[in-house]
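Worksheet: the structure to be examined is printed underneath.
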Amino acid sequence: MVVLSQPILDSLSHIKTCKPTSNIFTEIPVIDLSAPTAKTLIVEACKEFGFFKVINHNITMEFLSKLETEALTFFNSAQQEKDKSGPPNPFGYGNKKIGPNGDMGWVEYLLFCTNSQLINFPGLSQTLCGLVNEYVSSIRKMTCEVLEMIAEEIQIWPRDALSRMIRDEKSDSCFRLNHYPPCPELQALSGRNLIGFGEHTDPQIMSVLRSNNTSGLQICLKNGTWVSVPSDHTSFFFNVGDSLQVMTNGRFRSVKHRVLAEGLKSRVSMIYFGGPPLSEKMKPYSQVMEEGEENLYKEFTWCEYKKSAYKSRLGDNRLGLFEKSAAQ
Ligand SMILES: C=C1C[C@]23C[C@@]1(O)CC[C@H]2[C@@]12CC[C@H](O)[C@@](C)(C(=O)O1)[C@H]2[C@@H]3C(=O)O
Ligand SMILES: O=C(O)CCC(=O)C(=O)O
Ligand SMILES: [Fe+2]
């Protein structure tokens, strides 16, 4: 039997667990960005899963490894050093506490605001900050390309109708580095999985995730089944956020996802959340609507949505409050 020390027990007691599942997401849509079929496949994936994997993206492994190594240098430093970059407000270094409303996970992270120039925090090396800046610029560019393919395919015009929101210098986007330390003790004891990052949808337009070769990410399919996404450190995983669900009047699915902690390996992930400017109206594009089709949502700005999101718990149905059917 594994005997757990009191400090470990204390640090785990506020974190949720879940039943293990053995379902692997084998049908994951894989998009080769250079293929002529890419835009059609992306749109199909956004409708069916709200999730797809991108290959052939022109971002070198050398660069990705550099950022990962520099992130690990930060996460492996002494707790008191890391705490100099926290607590998150919401930006900065956070440990186990996710957001302002009591959510906890087996994760530590750095959350950055990416409007125009990235803002550095005390305690962060210039090297890490420089790499994050460079990474965000490349990922923003790739995200714009994908959003332009989507616009073409679903015939939203102009072609940059979606991409301009994240290219805008007022775009309210952010970037997150997550580190999930291994947790061998708990797995052996309970046979359940420890939650690294609890289930949620991302509020923005599109999120782009890259991780090392440690699994843990799961998505929820339309039928409510949780499936594990096999890790692939050479590729990017895109997920549709709430804003894009609204802008397509529910045609695209803002996918629920979560991360489970691993027993023996640490997971490092980096996620870019492409969001609109605060003043942007979140409403369906008229071009996607069929004749006579009703807007499923009330009209609201990203600023209103974000304020409401930050009052919610991670797993809440944040868009529910903005559905036409919801009470005033
Ligand atoms: C519990 C929370 C954390 C979060 C803000 C929120 O109140 C609800 C949304 C959460 C989320 C999920 C996706 C991203 O990781 C994130 C940065 C975001 O924009 O919305 C987080 C927020 C956070 O960690 O501050
Ligand atoms: O760390 C991951 O792999 C995903 C985390 C996530 O979903 C988030 O930060 O919103
Ligand atoms: Fe997420």
Side-chain angles (χ1 to χ4, degrees), residues 14-16 25 50-51 53 68 71 75 86-115 136 166 171-181 194-220 226 228-233 235-245 253-262 265-276 278 302-303 305-321:
H14 301 292
I15 301 178
K16 289 185 188 152
F25 188 30
F51 190 82
K53 169 164 137 171
E68 191 182 313
F75 289 122
N89 67 348
F91 303 114
Y93 170 76
N95 186 9
K96 299 191 187 71
K97 291 187 182 143
I98 301 172
N101 305 314
D103 290 285
M104 303 280 281
W106 188 253
V107 64
E108 56 177 340
Y109 59 87
L110 281 167
L111 190 56
F112 301 85
C113 165
T114 65
N115 304 9
V136 167
I166 65 165
S171 151
D172 186 27
S173 299
C174 49
F175 175 69
R176 174 168 216 140
L177 281 168
N178 286 334
H179 176 229
Y180 302 88
L194 183 66
I195 295 290
F197 204 111
E199 64 177 74
H200 66 282
T201 60
D202 294 344
Q204 293 82 0
I205 298 174
M206 188 69 99
S207 311
V208 183
L209 179 149
R210 188 260 165 191
S211 77
N212 65 350
N213 252 342
T214 301
S215 57
L217 179 67
Q218 296 193 324
I219 68 162
C220 188
W226 282 99
S228 299
V229 179
S231 63
D232 177 354
H233 67 302
S235 302
F236 291 93
F237 295 91
F238 278 63
N239 74 260
V240 170
D242 298 343
S243 306
L244 194 51
Q245 177 169 316
R253 206 170 153 251
S254 175
V255 62
K256 220 193 265 177
H257 54 286
R258 66 183 181 193
V259 179
L260 308 182
E262 267 268 337
K265 284 167 72 190
S266 82
R267 174 178 166 91
V268 182
S269 59
M270 37 193 91
I271 310 109
Y272 166 73
F273 303 93
L278 288 173
W302 167 247
C303 182
Y305 190 60
K306 193 178 157 185
K307 262 195 199 149
S308 158
Y310 272 86
K311 288 186 193 138
S312 69
R313 295 292 297 261
L314 202 52
D316 287 349
N317 171 15
R318 278 176 279 286
L319 264 188
L321 288 173

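This is a predicted model, so every value here is computed, not measured. Residues: numbered from 1 along the sequence shown. All ligand and atom numbering here is 1-based and tracks the order in the structure.
Just one of K96, K97, R313, R258 meets the salt bridge (Lys or Arg N to Asp or Glu O under 4.0 Å) condition when paired with D103; it is R313.
Of the protein's non-hydrogen atoms, R176 CD, 3.1 Å is the one closest to atom 9 (O) of ligand 2. Scanning the protein heavy atoms around atom 24 (O) of ligand 1, the nearest turns out to be R176 NH1, 2.9 Å. Looking at atom 10 (O) of ligand 2, its nearest protein heavy atom turns out to be H200 NE2, 3.0 Å. Ranking protein heavy atoms by distance to atom 10 (C) of ligand 1, first place goes to L314 CD1, 3.8 Å. Scanning all protein heavy atoms for the shortest distance to atom 5 (C) of ligand 2 gives N178 ND2, 3.4 Å. Scanning all protein heavy atoms for the shortest distance to atom 19 (O) of ligand 1 gives Q204 NE2, 2.8 Å. Counting only heavy atoms of the protein, atom 6 (C) of ligand 1 lies nearest to A309 O, 3.8 Å. If you check which protein heavy atom lies closest to atom 3 (C) of ligand 1, you get G99 CA, 3.6 Å.
Under a 3.5 Å cut-off, the side chain of S243 and the backbone N or O of P203 do form a donor-acceptor pair. Under a 3.5 Å cut-off, the side chain of R210 and the backbone N or O of F237 do not form any donor-acceptor pair. Checking side-chain atoms of Q204 against main-chain N and O of F273 turns up no donor-acceptor pair under 3.5 Å. The backbone N or O of K311 lies less than 3.5 Å from no partner atom in the side chain of D316, so there is not a single donor-acceptor pair. Checked by atom type and distance alone, the side chain of N101 pairs as donor or acceptor with a backbone atom of S312 at under 3.5 Å. Counting only distance, with no hydrogens or angles, the side chain of S254 and the backbone of D242 share a donor-acceptor pair below 3.5 Å.
Heavy-atom proximity to L209, at under 4.0 Å, picks out these atoms of ligand 2: 2 (C), 3 (O), 4 (C). Within the listing of ligand 2, atoms 1 (O), 2 (C), 3 (O), 4 (C) sit less than 4.0 angstrom from a heavy atom of V259. Short contacts between ligand 1 and R318, defined as distances under 4.0 Å to a heavy atom of the residue, involve ligand atoms 8 (C), 9 (C). Of all atoms in ligand 2, numbered sequentially from 1 with element shown, those under 4.0 Å from a heavy atom of F273 are 8 (C), 9 (O), 10 (O). Atoms of ligand 2 lying under 4.0 Å from at least one heavy atom of S269, given by number and element, are 1 (O), 2 (C), 3 (O). Near I271, the atoms of ligand 2 lying under 4.0 angstrom from a non-hydrogen atom of the residue are 1 (O), 2 (C), 4 (C), 5 (C), 9 (O).
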*Tell me, with the steps shown, if L321 and S308 meet side-chain contact (heavy atoms from CB on, under 4.5 Å).*
CA-CA 9 Å; L321 288 173; S308 158; 3.7 Å; yes

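At least one heavy atom of R267 sits less than 4.0 Å from an atom of ligand 2. The shell of residues lying under 4.0 angstrom from ligand 2, judged by heavy atoms, excludes Y109.
The heavy atom nearest to atom 11 (C) of ligand 1, out of those in G241, G275, P90, P203, is found in P203. One option in N89, D103, N239, D316 has a heavy atom closer to atom 1 (C) of ligand 1 than any other, and that option is D103.
For a threshold of 3.5 Å applied to N or O pairs, the pair formed by T201 and ligand 1 contains no separation below that value. On a distance-only criterion, Y310 and ligand 1 share at least one N/O pair closer than 3.5 Å. Checked against a 3.5 angstrom limit, the closest N/O atoms of H200 and ligand 1 fall outside it. The distance criterion of under 3.5 Å between nitrogen or oxygen atoms is not met by D202 with respect to ligand 1.
Between H200 atom NE2 and D202 atom OD1, the angle centred on the Fe ion (ligand 3) amounts to 90° (nearest 10°).
Of the heavy atoms in P100, only side-chain atoms (C-beta onward) come closer than 4.0 Å to ligand 1. The side chain of D202, and not its backbone, has at least one atom closer than 4.0 Å to an atom of ligand 2 (non-hydrogen atoms only; side chain from C-beta on). Under 4.0 Å from ligand 2, the heavy atoms of H257 that appear belong solely to its side chain.
Taken to the nearest 0.5 Å, the CD atom of Q218 stands 4.0 Å off from the CG atom of L260.
In this structure, G274 and S173 approach most closely via the heavy-atom pair CA-OG, 3.6 Å. S171 and G275 get closest at one heavy-atom pair: OG-O, 2.9 Å. R267 and T214 get closest at one heavy-atom pair: NH1-O, 2.8 Å.
Using the six-membered ring where Trp is involved, F25 and F51 have ring planes that are tilted, between 30° and 60° apart.
Crowding of K306 atom NZ: a count of heavy atoms from other residues, nucleotides or ligands under 6.0 Å exceeding 12. By the neighbour-count criterion of 12 heavy atoms within 6.0 Å, atom NZ of K16 is sparsely surrounded, having that number or fewer from other residues, nucleotides or ligands.
Its N, O or S atom nearest to the Fe ion (ligand 3) is what matters here, and for H257 that atom is NE2.
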